[in-house]
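Taking it in order: structure first as structure tokens, then the write-up.
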Amino acid sequence: MNRIGLIGGMGPEATLDYYKRIIDAFKNGKNDFNYPEIILYSINLSLFMAFMRKGEYDKATDYLVEKIEDLRKAGATFAALSANTPHLLFDRIRSKTNLPLISIIEATCEECITRGVKRPGLIGTGYTMNGTLFQDVFTKHDIEVIVPEKQDREWVNHKLFTEIELGVFKDETRQGLIRVTEKMIREQKIDSLILGCTEFPLILTEPEYAGIPMLNTTQIHVDAIVKYCK
């Protein structure tokens, strides 16, 4: 069994969710406790986000590469970043490490292909929604990724960093996210919604909202990690 290396702390609530989902995937009803070995490096999110806000992407990349190297030295045989936003740097990071990395974006694209999704909506941090990390991968497979209009993007980003990333899950915020989804269905004709922040599955817990499937990037990523681990 391959030894899992996990870069966590981006944010901590999702890191806990990753750990539980990975362990749950190895429960087989035999009570043999045959769980995988997991090495976790929980980073300083404030430091990482400071690099991102300043546009110091080389420093942000080197910071994560350093932590991945620590995972390798500790015995990890592959690694994953437990958040969507740092995947903005994924190609840079991958080019600077020999440790195999499991991409949340590539795994989500494969899930969309499997499901026949063609026009998914995307919500996430401002970095994710305003960037092209999903689009760069998905367009190669004729899948068009749609983001909310500017005002809604700003609202979603604000709620992420003032509530959800802090483990605060308000029903009014959940209803607001559903309204954004309904608006995207109505005006932008999306056929599904990518939960492009690994905290979203902690507040949008159902497999569907507003009649369309939620693409839970945490679970999709965990499935890919578990598959590689076995």
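We're numbering straight along the sequence, starting at 1. Computed from a predicted model, the values in this text were never measured in an experiment.
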Original post:
Closest heavy-atom contact between I113 and H141?
Top reply: CD1-ND1, 3.6 Å

Original post:
Taking only residues two or more places apart in sequence or in another chain, which ones pass ring pair (Phe, Tyr, Trp, His ring centres under 6.0 Å) with F90?
Top reply: H87

**OP:** For Q151, look at atom CD and say whether over 12 heavy atoms of other residues, nucleotides or ligands are found less than 6.0 Å away.
**Re:** no

**OP:** Verify the neighbour count for atom CG of N98: are there more than 12 heavy atoms of other residues, nucleotides or ligands below 6.0 Å?
**Re:** no

**OP:** Considering only NZ, NE, NH1 and NH2 on the basic side and carboxylate oxygens on the acidic side, decide whether R115 and E111 come within less than 4.0 Å.
**Re:** yes

Original post:
Is a side-chain donor or acceptor of R72 paired with a backbone partner of L99 at a separation under 3.5 angstrom?
Top reply: no

Subject >> Minimum heavy-atom distance P100-T77, with the two atoms named >> reply: CD-O, 3.5 Å

Subject >> Shortest non-hydrogen separation from T181 to A210 and the atoms involved >> reply: CG2-CB, 4.3 Å

Subject >> Under 3.5 Å: donor-acceptor pair, side chain of Y228, backbone of D223 >> reply: no

Original post:
Checking T61 side chain against L89 main chain: does a donor-acceptor pair fall under 3.5 Å?
Top reply: no

Original post:
Which atoms form the tightest heavy-atom contact between Y63 and N44, and what is the distance?
Top reply: OH-N, 3.0 Å

**OP:** Would you name the heavy atoms of E13 and L166 that are closest together and state the gap between them?
**Re:** OE2-O, 4.4 Å

Original post:
Does K118 offer a backbone N or O that forms a donor-acceptor pair with the side chain of D191 under 3.5 Å?
Top reply: yes

Original post:
Do L6 and L16 sit in the same hydrophobic cluster, where Ile, Leu, Val, Met, Phe, Trp and Tyr count as joined when their side-chain heavy atoms come under 4.5 Å apart?
Top reply: no

**OP:** Would you check if there is a donor-acceptor pair between the side chains of T217 and N84 at a distance under 3.5 Å?
**Re:** yes

Original post:
Looking at F48, is K59 sitting on its ring face, NZ or CZ under 6.0 Å from the six-membered ring centre and within 45 degrees of the normal?
Top reply: no

Original post:
Mind checking whether Y35 and F26 have ring centres under 6.0 Å apart?
Top reply: no

Original post:
What distance do L133 atom CG and T85 atom OG1 have between them, rounded to the nearest 0.5 Å?
Top reply: 8.0 Å

Original post:
Do you know which two heavy atoms are closest between M52 and A60, and how far apart they sit?
Top reply: SD-CB, 3.9 Å

Original post:
Does one hydrophobic cluster hold both V117 and M129, with members joined at side-chain heavy-atom distances below 4.5 Å?
Top reply: no

Original post:
Hey, what do you get for CG (L204) to CG (N216), rounding to the nearest 0.5 Å?
Top reply: 9.5 Å

**OP:** State the CD1-CD1 distance between I38 and I4, to the nearest 0.5 angstrom.
**Re:** 4.5 Å

Original post:
Taking a hydrophobic cluster as the set of Ile, Leu, Val, Met, Phe, Trp and Tyr residues connected by side-chain heavy atoms closer than 4.5 Å, whether directly or through intermediates, do L45 and V168 fall within one such cluster?
Top reply: no

Original post:
Just by distance, do the side chain of S103 and the backbone of E106 share a donor-acceptor pair under 3.5 Å?
Top reply: yes

Original post:
Between D62 and K96, does at least one N-O distance fall below 4.0 Å, as a salt bridge requires?
Top reply: yes

Subject >> Spatial distance of atom CZ (R21) from atom OG (S82) [nearest 0.5 Å] >> reply: 12.5 Å

**OP:** Give a yes or no on whether Y57 and V65 share a hydrophobic cluster (residues Ile, Leu, Val, Met, Phe, Trp, Tyr; joining criterion: side-chain heavy atoms under 4.5 Å apart).
**Re:** yes

**OP:** Carefully, step by step, assess R174 and D171 under the rule salt bridge (Lys or Arg N to Asp or Glu O under 4.0 Å).
**Re:** CA-CA 5 Å; R174 180 181 300 105; D171 186 60; 3.0 Å; yes

Subject >> Check ion pair K183-E149 (N to O, under 4.0 angstrom) >> reply: yes

Subject >> Residues, nucleotides or ligands: over 12 heavy atoms within 6.0 Å of Y19 OH >> reply: no

